[in-house]
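So the structure is just underneath, and the comments pick up after that.
Bear in mind the structure is a predicted one, so any value in this text is a computation, not a measurement.
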Amino acid sequence: MTAADTTRTRVRVRGLVQGVGFRPFVYQLAHRHQLTGWVRNDEAGVLLEVQGQTAPFLRALRESPPPLSRVDAVEAEPVPLATDERAFVIAPSEHHGHATAAIGADQAPCPACLDELFDPSARRYRYPFLNCTDCGPRYTITRGLPYDRPQTSMAGFPLCDDCRREYDDPLDRRFHAQPIACPACGPTLSLPIAEVADALRAGAIVALKGVGGFLLACDATNELAVSTLRARKERDTKPFAVMVASLASARRFAQLSDDDAALLDSQPRPIVVVQRAGLALAPSVAPRLPTVGLMLPSSPLHALLFHELAGRPSGAQWLRQPLDVALVMTSANPGGEPLVIDDGEAKVRLRGIADLIVTHGRDVVVRTDDSVLRVIAGRPSFLRRARGYVPAPVPLAKEGPPTLAVGGHLKATVCVTRGKEAFVSQHVGDLDDAATYRFLGETITHLCRTLEVTPELVAHDLHPDFLSTRAAQARGVPAVAVQHHHAHLAAVQAEHGLVGPSVGLALDG
């Protein structure tokens, strides 16, 4: 390379580029191409400058980003050469203006972390909170942007020397993995996994703190346990979700198409509605239904629980073998109230429902239910969009003023627009009680705070007596009433990027 080939380029990368390994990817790419410069997180995403022969670097940046990232734009411009620069570095994050970056959704353990979880020689062997840049909690532990550890619920866990070395090493897969922890410095469970497994084997109902809040678990093949849970939770016939250890285990209880299997095994780990077949689940799991909502472990803690129930087999190969164990995993929300997320709250609200309550020290910042999907005509369709997918934005065809939409009365969600993006919140629920109404307010506050959006308009249902309507009208900004079925059709238009007059059919209720 001659001096004439040397250029310096400033690059702005927008999209989901924080907390997904983008900076170490840039660092390694720059070293591979022998470039100098720097990269940092800021309120708009990732900003970097590279110097040298930059064209191949820019091509690779656009064509092969990290697997969990979503690159919406790469904006490059030439800048003057730096004469005294000798290396490429990762610079500290900066935050000077309004955020336009995005927070990633929570992701289930990646294959590398699962291998480590069940490797007796690994430092994090059977540690229920291991993660890396390619997996782990994101949205549910984040209080604001930029997505850095001080902005998460892991801020209270100082890193030990071993974790700090991994966190600071750009070549390590845990470089700047914000929830990083180990048994020496991270959260711990309130009870041993073995004790939890013994309780489930004995037919007990266990409240287990998950990624987005507490879940109620019991043996899904034990009719007495499932019917007891149904009675205690006051849930008449609505089906329970069932968690199994792996795809091989799922096929013991259900008939899976290739699309079902791919969706079940995807990193968001949603509940997938599939056809029941094979081994029998307790009748009270899904009364009078030929289908069941299945899910795979969405956290290391869940995977460890199945490992214990399987008798602690060596290595991770057991995940490829069928296991005749299935657990009901349903939201811990008594009487249709919001999901329980706080340890102290669990001891009060779940008393009388759970025989055992298992907590840990990592706070859930945003209560988030499990997502529910079904494959229809070969494509995944949402029945409930929450953990694993929120807060990924819906791209809009055109930009408008920052707007808050508060939903209707049943199955309410919140939406906030920022530029040409619409951020739909996690499922909130039916606004039938004060607790869910407060949750609606919490969701609005958190979404606006993390996105750094101050709504100039608020949209609400045309019905004047909905609690969501009253919440909108009390915000002190111009409110726009929208007819319910019109809103359904407009949402479909927005989701598919349709612009201009359309004819739609809303089959609602």
Output, in order, the C-alpha distance, side-chain angles, deciding distance and verdict of ring-ring contact (aromatic ring centres under 6.0 Å, His included) for H446 and Y139.
CA-CA 11 Å; H446 182 265; Y139 183 62; 5.5 Å; yes
To the nearest 0.5 Å, how far apart are CG in D363 and CE in M154?
10.5 Å
side-chain contact (heavy atoms from CB on, under 4.5 Å) evaluation trace for L264 with L294:
CA-CA 8 Å; L264 264 172; L294 283 188; 4.2 Å; yes
Residue pair D219 / T221, side-chain donor-acceptor N/O under 3.5 Å
yes
Would a distance-only check, ignoring hydrogens and angles, find a side-chain to backbone donor-acceptor pair under 3.5 Å from T368 to V366?
yes
When you measure from the side chain of R174 to the backbone N and O of N131, does any donor-acceptor pair fall under 3.5 Å?
yes
Should the heavy atoms of other residues, nucleotides or ligands under 6.0 Å from NE2 of H463 be counted, would the total exceed 12?
yes
Can you see which heavy atom on T142 is nearest to which on T450, and at what distance?
O-CG2, 4.4 Å
Passes side-chain contact (heavy atoms from CB on, under 4.5 Å), N333 versus K233? Steps please.
CA-CA 8 Å; N333 54 338; K233 198 181 174 188; 3.1 Å; yes
Where do M243 and P297 come nearest, in terms of heavy atoms and distance?
SD-CA, 3.9 Å
Residue pair H307, F118: steps toward the ring-ring contact (aromatic ring centres under 6.0 Å, His included) verdict:
CA-CA 9 Å; H307 186 239; F118 301 117; 4.5 Å; yes
Which donor-acceptor pairs under 3.5 Å do side chains of residues 194-201 form with protein atoms, sequence neighbours excluded?
residue: D198; atom: OD1; partner: R201; partner atom: NH1; Å: 2.8
residue: R201; atom: NH2; partner: E308; partner atom: O; Å: 3.0

List the steps, then state whether side-chain contact (heavy atoms from CB on, under 4.5 Å) holds for L323 with W318.
CA-CA 8 Å; L323 184 66; W318 69 275; 4.2 Å; yes
Note, E421 side chain near P395 side chain (heavy atom, < 4.5 Å):
no
Do H302 and L215 have side-chain heavy atoms sitting under 4.5 Å apart?
yes
Any donor-acceptor N/O pair, R384 side chain to D370 backbone, under 3.5 Å:
yes
Taking every heavy atom of A303 against every heavy atom of L117, the minimum-distance pair comes out as CB-CD2, 4.1 Å
Going by side chain to side chain contact (heavy atoms under 4.5 Å, CB included), H485 matches just one of D508, L462, L507. Which one?
D508
Any donor and acceptor pair, going by atom type alone, linking the side chain of S69 with main-chain N or O of V20 inside 3.5 Å?
no
Would S284 and E223 count as having a side-chain donor-acceptor pair, cut-off 3.5 Å?
yes
Could you check whether any side-chain heavy atom of K209 comes within less than 4.5 Å of a side-chain heavy atom of V364, counting everything from C-beta outward?
yes
When every non-hydrogen atom of G213 is compared with those of I341, the smallest separation belongs to CA-CG2, 3.8 Å
Side-chain contact test, heavy atoms from C-beta onward, threshold under 4.5 Å: evaluate it for V274 versus V292 and give yes or no.
yes
Between T436 (side chain) and D432 (backbone), is there a donor-acceptor pair under 3.5 Å?
no
State, to 0.1 Å, how close P287 and V285 come at their nearest heavy-atom pair, and which atoms those are.
CD-C, 3.8 Å
Is there a donor-acceptor pair closer than 3.5 Å between any side-chain N or O of R138 and the backbone N or O of G388?
no
What are the two closest heavy atoms between A207 and L350, and how far apart are they?
CB-CD1, 3.7 Å
Distance check, rounded to the nearest 0.5 Å: L339 atom CG versus S331 atom OG?
5.5 Å
Side chain to side chain, I357 and L191, heavy atoms closer than 4.5 Å
no
Examine distances only and state if a side-chain atom of D342 and a backbone atom of G344 form a donor-acceptor pair shorter than 3.5 Å.
yes
Among D369, L216, I271, side chain to side chain contact (heavy atoms under 4.5 Å, CB included) partner for T330
L216
Scan side-chain atoms only and decide if Y125 and E116 contain a donor-acceptor pair under the 3.5 Å cut-off.
no
Under a 3.5 Å distance rule, please check whether S468 uses its side chain to pair with a backbone N or O of G408 as donor and acceptor.
yes
Taking the six-membered ring of F253 as reference, does the cationic atom of R276 (NZ for Lys, CZ for Arg) lie under 6.0 Å from its centre and within 45° of its axis?
no
If you round to the nearest 0.5 Å, how far is CG of L447 from CG of L404?
8.5 Å
For D430 and H409, does a side-chain donor sit closer than 3.5 Å to a side-chain acceptor?
no
Do the charged groups of D324 and R252 touch, with an N to O distance under 4.0 Å?
yes
Side chain to side chain contact (heavy atoms under 4.5 Å, CB included) with F306: of L319, L327, L296, only one passes, and it is L327
Apply salt bridge (charged side-chain N to carboxylate O under 4.0 Å, His left out) to D72 and R70, showing your working.
CA-CA 6 Å; D72 296 335; R70 188 198 73 247; 2.9 Å; yes
Within the 4.5 Å heavy-atom criterion, are D433 and P338 side-chain neighbours or not?
yes
Is atom CD of E345 surrounded by more than 12 heavy atoms (other residues, nucleotides or ligands) closer than 6.0 Å?
yes
Under a 3.5 Å distance rule, please check whether R230 uses its side chain to pair with a backbone N or O of R235 as donor and acceptor.
yes
Quick one: pull up OG in S190 and CG in D343 and give me the separation to the nearest 0.5 Å.
7.5 Å
Kindly indicate, with the supporting measurements, whether the criterion side-chain contact (heavy atoms from CB on, under 4.5 Å) is fulfilled by L229 and F240.
CA-CA 10 Å; L229 172 58; F240 286 136; 4.0 Å; yes
Under 4.5 Å between any side-chain heavy atoms of L373 and L383, yes or no?
no
Heavy atoms, side chains only, cut-off 4.5 Å: are C218 and V226 in contact?
yes
Would you mind listing every ring-ring contact (aromatic ring centres under 6.0 Å, His included) that reaches into residues 335-386, with sequence neighbours excluded?
F129-H360, F382-Y389
Working to the nearest 0.5 angstrom, can you tell me the gap between I444 CD1 and C415 SG?
11.5 Å
Tell me, with the steps shown, if R367 and E442 meet salt bridge (charged side-chain N to carboxylate O under 4.0 Å, His left out).
CA-CA 10 Å; R367 68 186 87 224; E442 292 171 10; 3.4 Å; yes
Taking P150's backbone N and O only, do any of them form a donor-acceptor pair with D148's side chain (distance below 3.5 Å, no angle check)?
no
Where do T469 and D461 land on the side chain to side chain donor-acceptor pair (under 3.5 Å) test, with the steps shown first?
CA-CA 6 Å; T469 298; D461 195 281; 5.4 Å; no
Under 6.0 Å between ring centres, would you say that holds for F466 and H460?
no
Got a second to check how far R288's CZ is from T237's OG1, nearest 0.5 Å?
6.0 Å
